[in-house]
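Scroll down for the structure; my scribbles are underneath it.
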There are 2 protein chains.
Amino acid sequence: MALHPTGPRGRDGILAAIETELRGRGYDGASMADLSEATGLGKSSLYHHFPGGKPQMVAACAEAVQARLAARLAAVTCVSCPHEKLVALFGAFNAYFEGGTRMCLMTLMATSSAAEALRPVLASNIAATIATIAAIVTEGGIDPTLARQRAEEAFAQVQGAVLMGQATGNTDLFRRLVDGLPQGLLKPV
Amino acid sequence: MALHPTGPRGRDGILAAIETELRGRGYDGASMADLSEATGLGKSSLYHHFPGGKPQMVAACAEAVQARLAARLAAVTCVSCPHEKLVALFGAFNAYFEGGTRMCLMTLMATSSAAEALRPVLASNIAATIATIAAIVTEGGIDPTLARQRAEEAFAQVQGAVLMGQATGNTDLFRRLVDGLPQGLLKPV
DNA sequence: ACGTCCCAACCGAACGATCGGTACATTATT
DNA sequence: AATAATGTACCGATCGTTCGGTTGGGACGT
């Protein structure tokens, strides 16, 4: 049977190349020709793996991202105190956003022409990430309702900082947030 | 001379239609045919007004946005206390973002294929907005350096909230921020 | 061991549609 | 009459997508 061995690089490698291209050019900016070149596969081969075309590729990438976040989280949960967990988690964010220079796949796709079709996938991924943050903050002794609000606001802040970094070329704000949010989130009422 | 009276609607009306289309479909998602239909002008007429094509249209829209912000600000500066100024300013943001349902033109363009060419315009507009917020916060008795940091973080938070609204369809976070930030920004150290 | 059948993986070439952009004629304004 | 503003018709290029065909390895019957 085997779920797609797919050549030397494997399906994961194909998805990684697609994700990089999408995050670099955006949904409407990345053409099938671009994705073909990025993956090293002919366009018809891409349609073999993803009969649904570009939307299915995005959905598959989103699932891969969510899986990677879950794996990161599993490695984080064995850390002792909530503050260190948050430091590790925001370190993972820093890596994912490549220091604030690379957009989030979900929010990028949310502003595309396929946003409506992709909304369930995007919303699910974002909700999972926020729930992860909120759980750690709650564990740190913050009221669950407040923890959720803080998590949402922190998430928005990070996303906005990346956006501003794209617009201005300055990643100072992003770095300041990634450094400061772990303790800011846990600050007592 | 006259800077383009341009038919019954005038240049401002053309720019408004273009801006709406761009904020609805994104830079790469809005084709010249879309913009032609939105403005009611033939493609060649659009090129008559904007020989530089889509990038020039974006730049012109950005200038119009900045001008509208300046006008709003002029109406705000006659208000007495800083808190009320912030309330008025964030009310203007709320209107511009249409309750969190519509993206910011600048940050949207920042993730497009024309981002590099447009960076100076986008960065200038964003810097002006942040400076506006920071000035009012400073006026409210906050240390200028801290005021600037708070302004940057609030701006990022709002932008991120809009992004999340696009992704999830939920504008609660945006509304909470617009309501709460005016007093949050002025909170004493 | 050998032939053969199957099917996932892949590619080149082409499809109609649409892309951004232009040439040129026409209408409106001054 | 001159100039700005607009429409019609079109350009080559590229878009997303599909078609027909090749390859190669694993399963199966003998």
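In what follows, chains carry the letters A, B, and so on, assigned in the order in which the sequence lines appear, proteins first and then strands, with residues in each chain numbered from 1.
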(request) Would you mind reading off the distance between Glu37(B) atom CD and dT18(C) atom P, rounded to a whole angstrom? (result) 12 Å
(message) Closest approach to the side chain of Ser31(A), judged atom by atom: which nucleotide of dC15(D), dG21(C), dA5(D) is it?
(response) dC15(D)
(request) Specify the separation, in whole Å, of atom CZ of Phe50(A) and atom P of dC10(C). (result) 11 Å
(request) Respond yes when some side-chain nitrogen or oxygen of Lys43(B) is under 4.0 Å from OP1 or OP2 of dT22(C), and no when none is. (result) no
(message) Going by the rule side chain to side chain donor-acceptor pair (under 3.5 Å), which residues pair with Glu19(A) if we only count those two or more places apart in sequence or in a different chain?
(response) Arg23(A), Arg68(A)
(request) For Ile14(A) and dA9(C), give me the distance from atom CD1 to atom C1', rounded to whole Å. (result) 9 Å
(message) What is the separation between atom CG on Leu35(B) and atom C1' on dG21(C), rounded to the nearest whole Å?
(response) 13 Å
(request) Select one nucleotide: of dA5(D), dG7(D), dG20(C), the one nearest the side-chain heavy atoms of His48(B). (result) dA5(D)
(request) Answer yes or no: is there a side-chain heavy-atom contact under 4.5 Å between Leu35(B) and Phe50(B)? (result) no
(request) Taking side chain to side chain donor-acceptor pair (under 3.5 Å) as the test, write out the residues that go with Arg25(B), two or more places apart. (result) Glu21(B)
(message) Checking contacts here: which listed nucleotide (dG16(D), dG7(D), dC10(C)) is nearest the side-chain heavy atoms of Leu41(B)?
(response) dG7(D)
(request) Pick base, sugar-phosphate or nothing for Ser45(A), based on heavy-atom distances below 4.0 Å to the nucleic acid. (result) base
(message) Can you list everything that forms a side chain to side chain donor-acceptor pair (under 3.5 Å) with Asn94(B)? Sequence neighbours excluded, please.
(response) none
(request) Return the set of residues passing ring-ring contact (aromatic ring centres under 6.0 Å, His included) with Phe97(A) (not counting sequence neighbours), or none when no residue passes. (result) Phe174(A)
(message) Please enumerate all residues that pass side chain to side chain contact (heavy atoms under 4.5 Å, CB included) together with Ala92(A), with sequence neighbours excluded.
(response) Arg72(A)
(request) Could you tell me the separation between the NZ atom of Lys54(A) and the P atom of dC15(D), rounded to a whole number of Å? (result) 9 Å
Heteroatom pairs (N/O) under 3.5 angstrom, protein to nucleotides 19-22 of chain D:
none

(message) Let me spell it out: for each of Pro51(A) and Ala33(A), pick the nucleotide of DNA chain D with the closest heavy atom. Which residue's pick is nearer the 5' end?
(response) Ala33(A)
